[in-house]
Number of protein chains: 2
Amino acid sequence: MGPIVNETATNELARQEVTVSPVEKFREFLATRRMRLTQERETIVREIFADHEHFDSDQIVSRLTQPRRDGGRVSRATVYRTLRELEKAGLIRKVARSNDREVYEHDYGYPQHDHFICEKCSQLVEFRNDEISTVLERVSAEYGFRMKGHRLEVHGICDACARPPARRHRKLDMI
Amino acid sequence: MGPIVNETATNELARQEVTVSPVEKFREFLATRRMRLTQERETIVREIFADHEHFDSDQIVSRLTQPRRDGGRVSRATVYRTLRELEKAGLIRKVARSNDREVYEHDYGYPQHDHFICEKCSQLVEFRNDEISTVLERVSAEYGFRMKGHRLEVHGICDACARPPARRHRKLDMI
DNA sequence: ATGGATGCAAAGCGTTTGCATACAG
DNA sequence: CTGTATGCAAACGCTTTGCATCCAT
C-alpha cells in the first residue's frame, strides 16, 4: 500500500521498545497524509490500546457506540474508517478470520508472533518462533519476492479441547 | 492468472498418489453422510478439477450458471452449498482472501505449499518449503497443540511489480 | 416411495459510502 | 475560513436460507 511511513526495522525479530504512544504514532501518520487527529480517532486508539487483546470491528463499535463517560461515543462508520487507517499506519493488523469477521491485534510495540486456532473452541493462541521469519526471508529472496510481512494460522485442536473427558472450552461450537 | 506451480513433488510431505478421482472421492465422502452425488455436484467437481488454478465461488458460478452443452447449469446456491461440502470432504481448501472473496485451491492430490501475495497486483504465487511444516510440527508439539494444517500468506511485492519501470501487472484481472 | 437436493428469490451480515453537518488546523 | 471528518442511513457484495419442487437411491 503506502510507499512511505513505517520505519520498521527490516528485521523485527527484535522490536525496539516503544518510545511513542500509539496515539502519538497515529498523529504522526495522519500528519503525513494531511489528515487530522480528531477526538473520535483518539478515542478509538485509546480503546484499542487499553489492553493487548485481539478484537474485531464490532467489539470496538459496541464499546464506543453507546455514550461513554470519558471518551464520548463514536459511530460505526467512523470506527470502520479509523480501523482501516490504523492498519495503514502500522498500528494494528489483521491476524485471522473468525466467524466471518477480521480479527485484529496490535502491530505496534508488540513482538512478532503467529497463532494457533482451535477448530473446537475457535480460540486464538499466540506463539513465537523466529525460525519461521528466517525461513520466509530466505525463501522470499529466492523467489525475488519483497516480503513485507506474513499471516500464519496454524489450525488444529488445542490442548484443552484435546483432553478426552472432562470439561472443554465452550466458545462457539455448533452442534 | 498464471500461478507458478512446481511439479517438483517428491518429498515426504508429498501426497500419496491419487488413486481415486475427485468425483469418486467426493462420492465416498457423501456416502458417509447419507448425502447424494447429484448431477449438479458432479458437474461442479469436474469443473473445479478441470485444471489446477485457484478459484473463487463466483468464478465457478459464472461458468456453470449459464447453460452448458455437457454439464448442464447449476444454480448459485448449489455452487456455494457444494463448495462447502467439498471443503469438508478435504477436496479443496481456502488459501487466502482476495478482494473480499475466499480463494480456493485443490487440496486433494496436490502437494503442500504456501503463497506469496503481491500487494500491488494481488496475484498469488505458490512456493514450496518443507522446513515450515517441520518447524510448525515441532512448535505445535511444544504447545500441546494438535496441528491439522496451516494457512500461510506471505505479503509483499512480487518480482514483476518491484521492477521500477515498464508496465506492471494489472490489478484486477478477471477472466 | 421419500428424504435429501435444487432453484429462486429474499434475507443476512459485515463493511462501505453518499450527503449534509460539524470541526481541526 | 477551508478542507476534513463525522453520523446516519442507505447501499453493497458475498454468502446463506426458506420453501416449493425435483430426483437419487
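The sequence lines fix the lettering, A, B, ..., with proteins before strands; numbering per chain opens at 1. The model shown is predicted, which means the values in this text are computed figures rather than measured ones.
Relative ring orientation between Y110(B) and H106(B) is described as perpendicular, the plane-to-plane angle rising above 60° on a 0-90° scale split at 30° and 60°. The aromatic rings of F116(A) and F145(B) lie parallel to each other, with less than 30° between the two planes, well short of the 60° mark.
Here the side chain of S75(A) is nearest to one of dA24(D), dC8(D), dA5(D), namely dC8(D). Out of dC8(C), dA5(C), dT6(D), the shortest distance to the side chain of A77(B) is found at dC8(C). With dT15(C), dA24(C), dT6(D) as the candidates, the nucleotide lying closest to the side chain of E40(A) is dT6(D). Of the candidate nucleotides dG3(D), dC8(D), dA5(C), dC8(D) has the atom lying nearest to any side-chain atom of R73(A). Checking dT16(D), dA24(C), dT25(D) against every side-chain atom of R84(B), the shortest atom distance belongs to dT16(D). Of the listed nucleotides (dA5(D), dT15(C), dT15(D)), dA5(D) has the atom at the smallest distance from the side chain of M35(A).
Mapping D58(A) and R41(B) onto DNA chain C via the closest heavy atom, the residue that lands nearer the 5' end is R41(B). Remark on DNA chain D: of its neighbouring residues V79(A) and R36(A), the 5'-side contact belongs to R36(A), judged by nearest-heavy-atom nucleotide.
Taking atom CG on D56(A) and atom P on dC13(C), their separation rounds to 15 Å, with Å as the unit. Between the C1' atom of dA11(C) and the CG atom of D100(A) lies a distance of 15 Å, rounded to the nearest Å. To the nearest angstrom, C1' of dT15(C) lies 10 Å from CZ of R97(A).
Phosphate contact (OP1/OP2 of dT4(D), side-chain N/O of T38(A), threshold under 4.0 Å): absent. Look at Y80(A) and you'll find a side-chain N or O under 4.0 angstrom from OP1 or OP2 of dT15(C).
At least one donor-acceptor pair closer than 3.5 Å links the side chain of D51(B) to the backbone N or O of E53(B).
A distance of 5.5 Å separates CD of E47(A) from CD1 of I60(A), quoted to the nearest 0.5 Å.
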Working for side-chain hydrogen bond (donor to acceptor under 3.5 Å, both in side chains), residues H113(A) and N129(A): CA-CA 7 Å; H113(A) 62 271; N129(A) 181 288; over 6 Å; no

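In this structure, R101(A) reaches the sugar-phosphate backbone alone: every heavy-atom distance under 4.0 Å involves primed, P, OP1 or OP2 atoms, never a base. Among the heavy atoms of the strands lying under 4.0 Å from R81(A) is at least one base atom, whether or not backbone atoms are also near.
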